Amino acid sequence: MIGLGRIARPTRSQSSRRRTSEWTSTANRAGLSSPRTIRASRTMLHLLAQPIAATIARHLGREPAAVLALVGPPAKGQAVDLCLPCFQLARELKRNPKELADELAAVVAAAHPDAGAAAAGPFLNLTFAPAAVAVVLIPALRAEPLAPLRSQVGKGLTACVDFSSPNIAKHLAFHHIRSTMIGNSLSRLYAAAGWKVVRINFLGDWGTAFGRLIAGWKREGLTLAQLETAPDRVTFLNALYVRVSQAAKADPAIEDEARQWSKRLEDGDSEARGLWQIFKDASLAEFKRIYALLGVDFDSWKGEAYYEDKMGPVLAELKTKNLTSVDLRTERTPEEGPPGATIVDLPALIGKPFKRPMLVQRVDGGTLYATRDLAAADDRFRDFAYDRSLYVVDLGQSLHFQQWFAVAKLLGRPYADRLRHVGFGIVLMWNDEAGDGLEAGWARGRTRGGKVMLLREVLEEAIDRARAVVAEKNPAIAGDEREAIARAVGVGAVVFNDLKNGRTNDVKFKFEEALRFDGETGPYLQFAHARLASIERKAVDHFTAAFNAANAAPDSEASHWLADKAPDILTGDLASLTGRADPALLTLDSEKQVLLALAKLTSALERAVDSDEPSVLAQALLALAAAVSGWLTAGNHDESLRVLGPDPAVTAARLALVRAARASLGEGLRLLGLQAPERM
RNA sequence: GCGCUGGUAGCUCAACUGGAUAGAGCGCCAGACUUCGGAUCUGGAUGUUGCAGGUUCAAGUCCUGCCCAGCGCGCCA
């Protein structure tokens with residue numbers, strides 16, 4: 001097995017679903033509840049609820065904010081817009097909740113006739129008139145189209161996100177998509193919530209494997225030219241590694257050479273370093289091609305090699321603070337060297353959940369994973385003074401993170417409570433038939449004859465399928481544009497499939513499912529976005545035609561409206577046209593559903609950041625796209641329901657909603673790491 | 001053995017952290033003036049939320065005990 005890094009051999013890189021342990025959760029909660037990170041946010045939904053909450057607060061003599069906090073979306077299946085469960089208020093007031101709900105319904109109905117207040121048992125339900133919602137939300141959306149997906153909760157705070165972290169000289173396997181795209185999305189979500197974000201790729205670019213590679217390279221007399229002309233340089237290196245490893249089994253001399261080269265590499269030998277750099281460059285070139293395809297970038301590429309000579313101070317500090325001990329339990333003869341590894345005896349120092357010590361130094365003096373993470377955490381804190389540091393690594397490594405987070409605390413690090421392991425479940429592949437000792441069914445890692453599925457292969461297959469669909473559904477699109485759309489849609493399908501469910505779930509990967517383009521998929525969101533964009537494209541022509549028709553029949557109501565807007569229509573200024581539209585003309589229930597779905601995005605964003613869970617936004621976007629699709633499709637059956645309909649004033653109002661929905665859908669897709677093409 | 005996760009419709013998953021009649025997609029059945037884009041929409045059938053207790057106005061959600069599945073537990077990362 002080559003390389004170190006976050007994502008090691010398949011059996012360790014993926015472990016089944018796990019949550020962070022009690023201890024870690026406590027630490028995380030401490031970080032969460034720190035006054036630095038919690039800040040109330042005024043969501044768009046609160047814009048609607050605020051006046052009602054104020055009325056109730058006045059009536060009951062309570063704080064408006066306290067009442068507002070109790071108002072929220074109703075339970076699923078309830079056909080109302082907002083809901084105030086009265087249990088808590090009733091208890092505080094020593095009243096009967098049902099009676100209180102009845103009383104409040106009457107009070108609210110009198111003061112806000114458009115809010116549709118009604119008591120349902122102990123619940124006070126609000127069912128707004130669509131225009132009442134539009135009048136509040138449309139102006140806010142016009143002022144800041146991306147407002148639903150912007151928040152200031154992270155203002156002034158810095159987050160480091162450690163993600164992807166592949167091993168040099170190996171391909172990106174399909175399961176690397178998890179850390180890569182969860183981390184990418186979290187980076188964008190944090191930024192949208194006001195955080196300053198540092199994206200870090202902790203490359204697995206160090207380890208004994210490089211000694212073997214170099215030994216093999218020298219032994220076979222390979223040249224740089226051979227590597228560079230190889231059809232795939234990573235495959236070339238991988239194959240070399242496999243050959244060396246097999247040869248070493250038969251010939252111990254090779255293993256010796258490998259050890260010597262490892263030593264030379266560590267000592268900074270220029271030939272060893274030169275070859276190491278060549279291998280690293282070749283790998284990075286391939287990684288960056290795939291990152292470009294996925295739209296992922298990093299601010300820092302400091303990997304394990306960078307920290308190789310920077311662990312001395314941490315080790316020394318651990319020792320001077322008497323946190324280390326040499327483990328004596330291992331039975332070793334004097335010839336075999338010192339008795340044991342250097343450990344931090346967590347069971348003795350902390351107790352509670354820890355049953356095993358953490359190893360910081362091998363018998364031979366070499367350092368270990370945890371030591372490197374400690375050194376890196378110090379380094380990053382020095383550079384960025386982070387308020388939160390995320391490690392997007394599979395759940396199988398949760399013990400490792402629990403341990404070194406605890407050691408950071410023992411060392412008195414100020415950042416100890418700001419560390420978060422963002423764990424995720426493994427990728428399982430479907431096997432139709434038993435074989436290779438595997439039963440038929442879900443199994444980790446490999447499929448189709450035991451082959452490891454490469455990320456690049458899956459993406460290419462997805463793009464091929466998307467290209468075929470674009471060609472079939474929209475033959476007018478060709479050439480470069482078709483290619484760009486095929487990429488956006490194909491990659492989008494795979495990425496969304498990875499993000500739409502809770503990250504701790506294992507991902508059950510079937511080609512046919514992951515590459516589906518209908519139902520709850522990335523392309524479904526992209527399609528809704530493209531339909532909205534299509535309507536916007538046609539809007540100017542629509543108004544121009546209406547304007548010309550009105551000139552022929554100048555006395556209608558529509559003609560007066562159009563004449564008033566003549567400058568905007570003639571210059572094609574949609575922004576101005578929709579900006580002057582009357583939101584009260586949005587009277588359809590389907591329009592209200594779109595507005596409410598938009599308004600819920602803000603809290604989805606904040607909850608996504610709070611729980612490091614992109615799926616929260618993914619689910620909210622699906623709800624928005626469903627509302628949009630329902631609204632637009634209704635127009636297929638009834639011309640009066642179309643955005644570009646017969647009444648220009650209504651059309652302008654609906655276009656304002658189209659613009660708002662498209663802006664948020666596009667931005668939401670971007671926050672998940674998907675593209676939002678205007679046609680597809 | 002110790003520990004950590006999870007178990008919700010045939011399948012894949014939600015359920016805004018304790019709220020109402022547990023919701024979606026896929027699949028299945030029946031529909032929508034060839035459409036501002038049908039990669040869409042509307043309707044239907046499918047549930048003892050693994051089992052048993054407990055807590056309370058209220059439990060898929062919290063507590064306890066079982067059952068089942070997966071993963072982790074010393075010089076890899």
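Just so we're on the same page: letters track the sequence lines, and every chain starts at 1. Being a predicted model, the structure only gives us computed values, none of them experimental.
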Scan A:A120 against the nucleic acid and name what it touches under 4.0 Å (heavy atoms): base, sugar-phosphate only, or nothing. base
Can you tell me which nucleotide in B:G37, B:A24, B:C41 comes closest to the side chain of A:Y524? B:C41
Side-chain contact check for A:I343: nearest option of B:U35, B:G74, B:C75 is B:G74
How would you label the contact of A:P85 with the nucleic acid (heavy atoms, under 4.0 Å): base, sugar-phosphate, or nothing? nothing
What integer distance in Å separates A:K508:NZ from B:G70:C1'? 11 Å
Per nearest nucleotide of RNA chain B, the residue lying toward the 5' end, A:R607 or A:W631, is A:R607
Ignoring hydrogens, what is the shortest heavy-atom contact between A:A597 and A:A627? Give both atom names and the distance. CB-CB, 4.4 Å
Complementary nucleotide of B:C76, counting Watson-Crick and G-U pairs under 3.5 Å: none
What nucleotide, of B:A14, B:U35, B:C76, holds the atom closest to the side chain of A:L368? B:C76
With a 4.0 Å cut-off on heavy atoms, is A:V360 in touch with a base, just the backbone sugar-phosphate, or nothing at all? nothing
Any N/O donor-acceptor pair, A:N125 side-chain to B:A20 base, under 3.5 Å: yes
Between A:R531 and B:G38, is there a side-chain N or O to OP1/OP2 distance below 4.0 Å? yes
What do you reckon, do A:F87 and the base of B:G19 stack, with centroid distance below 5.5 Å and planes below 30°? yes
Can you see if the side chain of A:N505 gets near the phosphate of B:A14 - specifically, an N or O under 4.0 Å from OP1 or OP2? yes
Which is it for B:U61, anti or syn, if anything within 90° of zero counts as syn? anti
Both distances under 3.5 Å, Watson-Crick or G-U wobble: report the partner of B:G23, or none. B:C13
Taking atom P in both B:C67 and B:C51, what distance in whole Å separates the two? 15 Å
Using 0.5 Å steps for rounding, measure from the CG atom of A:D205 to the CZ atom of A:F210. 6.0 Å
In this structure, how many angstroms lie between the C1' atom of B:U40 and the CD atom of A:Q593, rounded? 18 Å
With a 3.5 angstrom cut-off on both distances, give the Watson-Crick or G-U wobble partner of B:G3, or none if there isn't one. B:C71
Give one of base, sugar-phosphate or nothing for A:N474, where a contact means two heavy atoms less than 4.0 Å apart. base
Same-atom distance (P) from B:U48 to B:C11, integer angstrom: 13 Å
Can you check the distance between B:G27 and B:U42, where both ends of the measurement are the P atom (answer in whole Å)? 16 Å
Taking the C1' atom in each of B:C26 and B:A14, what is the distance between them to the nearest angstrom? 14 Å
Indicate, with a heavy-atom threshold strictly under 4.0 Å, whether A:S534 touches base, sugar-phosphate, or nothing. base
Nearest-Å distance, NE2 (A:H542) to P (B:G37)? 12 Å
Take the protein atom NZ of A:K510 and the nucleotide atom C1' of B:G10, then report the distance between them rounded to whole Å. 12 Å
Are side-chain heavy atoms of A:F163 and A:N201 found at a separation under 4.5 Å? no
Expressed in angstrom and rounded to an integer, what is the separation of A:F354 atom CZ from B:G3 atom C1'? 12 Å
In Å, rounded to the nearest 0.5 Å, how long is the span from CG of A:D373 to CE of A:M311? 10.0 Å
Considering only heavy side-chain atoms of A:V470, the closest of B:C75, B:A39, B:G37 is B:A39
Of the nucleotides B:C41, B:A39, B:A20, which has the atom closest to the A:F527 side chain? B:A39
No-hydrogen, no-angle side-chain donor-acceptor test under 3.5 Å, A:T633 and A:R531: yes
Just checking A:F517: base, sugar-phosphate only, or nothing, at a heavy-atom cut-off of under 4.0 Å? base
Using a 4.0 Å heavy-atom cut-off across all strands, classify A:A634 as base, sugar-phosphate, or nothing. nothing
Determine the contact category for A:G645: base if any of its heavy atoms lies under 4.0 Å from a base atom, sugar-phosphate if only primed atoms, P, OP1 or OP2 are that close, otherwise nothing. nothing
Aromatic plane relationship, A:F509 with A:F511 - under 30° parallel, 30 to 60° tilted, over 60° perpendicular: perpendicular
In whole angstroms, how far is the P atom of B:U34 from the CD atom of A:E639? 14 Å
Mind checking if A:G635 touches a base, just sugar-phosphate, or nothing, with heavy atoms under 4.0 Å? base
Please pick, from B:A39, B:G74, B:A14, the nucleotide with the shortest atom-to-atom distance to any side-chain atom of A:Q619. B:A14
For a quick check of understanding: with a heavy-atom distance under 4.0 Å over all strands, which category does A:P74 fall into, base, sugar-phosphate or nothing? base
On a heavy-atom basis, the closest approach of A:L574 and A:R659 is CB-NH1, 3.8 Å
To check you understand the geometry: which heavy-atom pair defines the closest contact between A:P357 and A:D345, and what is its length? CB-CA, 4.1 Å
What is the distance from CZ of A:R362 to C1' of B:C75, rounded to the nearest Å? 7 Å
Check this one for me: any side-chain N or O of A:K473 less than 4.0 Å away from OP1 or OP2 of B:A39? yes
Using the ring of each side chain (for Trp, its six-membered ring), is A:W404 parallel, tilted or perpendicular to A:Y391, with breaks at 30° and 60°? perpendicular
What nucleotide among B:C75, B:C73, B:G37 has an atom nearest to a side-chain atom of A:L359? B:C75
Using the P atom as the point on both nucleotides, what is the distance between B:G44 and B:C63, in whole Å? 37 Å
With a 4.0 Å cut-off on heavy atoms, is A:M358 in touch with a base, just the backbone sugar-phosphate, or nothing at all? nothing
For atom C1', what is the distance between B:C13 and B:U56, given to the nearest Å? 30 Å
In this structure, how many angstroms lie between the C1' atom of B:G37 and the CG atom of A:L644, rounded? 12 Å
With a non-hydrogen cut-off below 4.0 angstrom, is A:R516 in contact with a base, only sugar-phosphate, or nothing? sugar-phosphate
With nearest nucleotide decided by heavy atoms, which residue, A:I485 or A:K500, maps closer to the 5′ end of RNA chain B? A:K500
Would you mind pulling out the nucleotide paired to B:G65, Watson-Crick or G-U wobble, both distances under 3.5 Å? B:C51
Centres of the A:Y369 and A:H400 rings: under 6.0 Å? yes
If you check every side-chain atom of A:E520, which of B:A24, B:U40, B:A14 has the closest atom? B:A24
Nearest-angstrom distance, P atom, B:A69 to B:G74: 24 Å
Report which part of the nucleic acid A:I535 touches: base, sugar-phosphate, or nothing (heavy-atom distance under 4.0 Å, all strands). base
Is A:L622 touching bases, backbone alone, or none of the nucleic acid, heavy atoms closer than 4.0 Å? nothing
OP1 or OP2 of B:G38 sitting under 4.0 Å from any side-chain N/O of A:N636? yes
Take atom P in B:C16 and the same atom in B:G70, then report the distance between them in whole Å. 29 Å
Taking B:A39, B:A14, B:G25 as options, the one with an atom nearest any side-chain atom of A:V489 is B:A39
Proximal nucleotide (of B:A20, B:U17, B:G37) relative to the A:A75 side chain: B:A20
